[in-house]
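Note that ligands are numbered from 1 as they come in the structure, with each ligand's atoms numbered from 1 the same way.
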Amino acid sequence: MKYHLFALATVFLLGACDARGGSSEAAAADRNWAICIHGGAGVVELTAEQEQAYRKSMRVALDLGRELLADGASALDTVERVVNLLEDDALFNAGRGAVYTAETTHELDASIMDGSTMACGAITGVKTIKNPISLARLVMERSKHVFLSGDGAERFADSTDVQRVENSYFDTPQRLRALQKAMGKDTKGTVGCVVLDQQGNLAAATSTGGMTAKEFGRIGDSPMIGAGCYASNSSCAVSCTGHGEQFIRHTVARDVAAQMEYGGKSLQEAVDHVLQTVLSPGDGGLIAVSKDGDLVAAQNTPGMFRARADASGLLEIKIWADE
Ligand code: ASP
């Protein structure tokens, strides 16, 4: 059991940045696919049983991604399928395990981006969509728009065969307890996935219930292309988690890509810069994969549920910053 005594907001610990930096061409050739997932930043304490359950869930999601990619699946299909699985898992704040709003309902957000075409789709404030990332993909592929909200997004969903549920499907006892604590700071569990596929294409996906006790139609970074999600074959794919307002303010996902594109930074350097000098300690974390297959999962919180794998045999599952 791991127990951090300090409060999230006062943590000044920068998470270990665990990248495979310094890629030689030979090493890059070994990595003809690469994947990284996250299940949210801001984790502070877990019982031994909870920790085991999270590690198991991440392993199942990572293994699905590994199998798909080894079989030649596209980056886009892979990020959607892996995020679907995490959305169906009540441990995470996305889909089934979505947090409660201040009105004791659930409003879900998601976004997806195809780095090979720059096509993207996003939805916010939906209440009946079992797998929000799949509706985001439908917005991308079947509407002429990029970002749909609330009732409009639900009406668009009516024109598709996306799976619908009652809002109460998202009710879970652990999220109700979090609401009752009225902390509004429980940021655990947003999910995301970034992938480089065998064809050399990148994709990113992020899905969340948002922040516990959110009010007034609040929208975080997760459904915002450029803030909580971004992918471009010319640099990298990024999915973020944490205090959404900060990630919107600093357009974090796009900033990582822009530093690589315009500043010539490596993925690791770009991520370090954002987490150490742009964001504040305790804000959250992100996962990213470069066009060369470098993988970075890093955070400035005590922990972030994260896992990564690639074709060279890398397979890693981590929760705490100091492991
Ligand atoms: N970034 C999400 C939001 O602000 C929350 C999270 O990542 O846990 O809605």
I need the atoms of ligand 1 closer than 4.0 Å to a non-hydrogen atom of [X], numbered in the order shown.
X: Gly210; answer: 9 (O)
X: Thr241; answer: 6 (C), 7 (O), 8 (O)
X: Ser222; answer: 1 (N), 2 (C)
X: Gly242; answer: 1 (N), 2 (C), 3 (C), 4 (O), 5 (C), 6 (C), 7 (O)
X: Asp221; answer: 1 (N), 2 (C), 3 (C), 4 (O)

Handout entry: Rounded distance [0.5 Å steps], NZ in Lys265 versus SG in Cys236
Key =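 Answer rounded to 0.5 Å: 12.5 Å.
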Problem - His38 side, atom NE2; Ile287 side, atom CD1 - distance, nearest 0.5 Å - result: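 Going from NE2 on His38 over to CD1 on Ile287, the span is 5.0 Å.
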Problem - Nearest option to atom 6 (C) of ligand 1, as decided by whichever heavy atom of Asp109, Thr190, Asp283, Ile219 sits closest - result: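 Among Asp109, Thr190, Asp283, Ile219, the closest heavy atom to atom 6 (C) of ligand 1 belongs to Thr190.
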Practice task
Check each heavy atom of Arg218 against ligand 1 and say whether those closer than 4.0 Å belong to the side chain, the backbone, both or neither.
Solution key: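 Looking at Arg218 and ligand 1, just side chain atoms fall under 4.0 Å.
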Practice task
Kindly indicate whether the side chain of Glu269, heavy atoms from C-beta on, has any atom under 4.5 Å from the side chain of Val296.
Solution key: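 In short, these two side chains do not touch, never coming nearer than 4.5 Å.
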Practice task
Can you label the angle between the Tyr54 ring and the Phe305 ring as parallel, tilted or perpendicular, going by 30° and 60°?
Solution key: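 Parallel: the ring planes of Tyr54 and Phe305 meet at under 30°.
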Exercise for the section: Give the other cluster members for Val165, using side-chain heavy-atom distances under 4.5 Å between Ile, Leu, Val, Met, Phe, Trp and Tyr residues; answer none if it is isolated. Expected result: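 Members alongside Val165: Leu108, Ile123, Val126, Ile129, Leu135, Leu138, Val139, Leu148, Phe156, Val162, Tyr169, Phe170.
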Exercise for the section: Taking Ser111 for its side chain and Ser222 for its backbone only, find out whether a donor-acceptor pair lies under 3.5 Å. Expected result: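 Side chain of Ser111 to backbone of Ser222, a donor-acceptor pair under 3.5 Å: yes, one is there.
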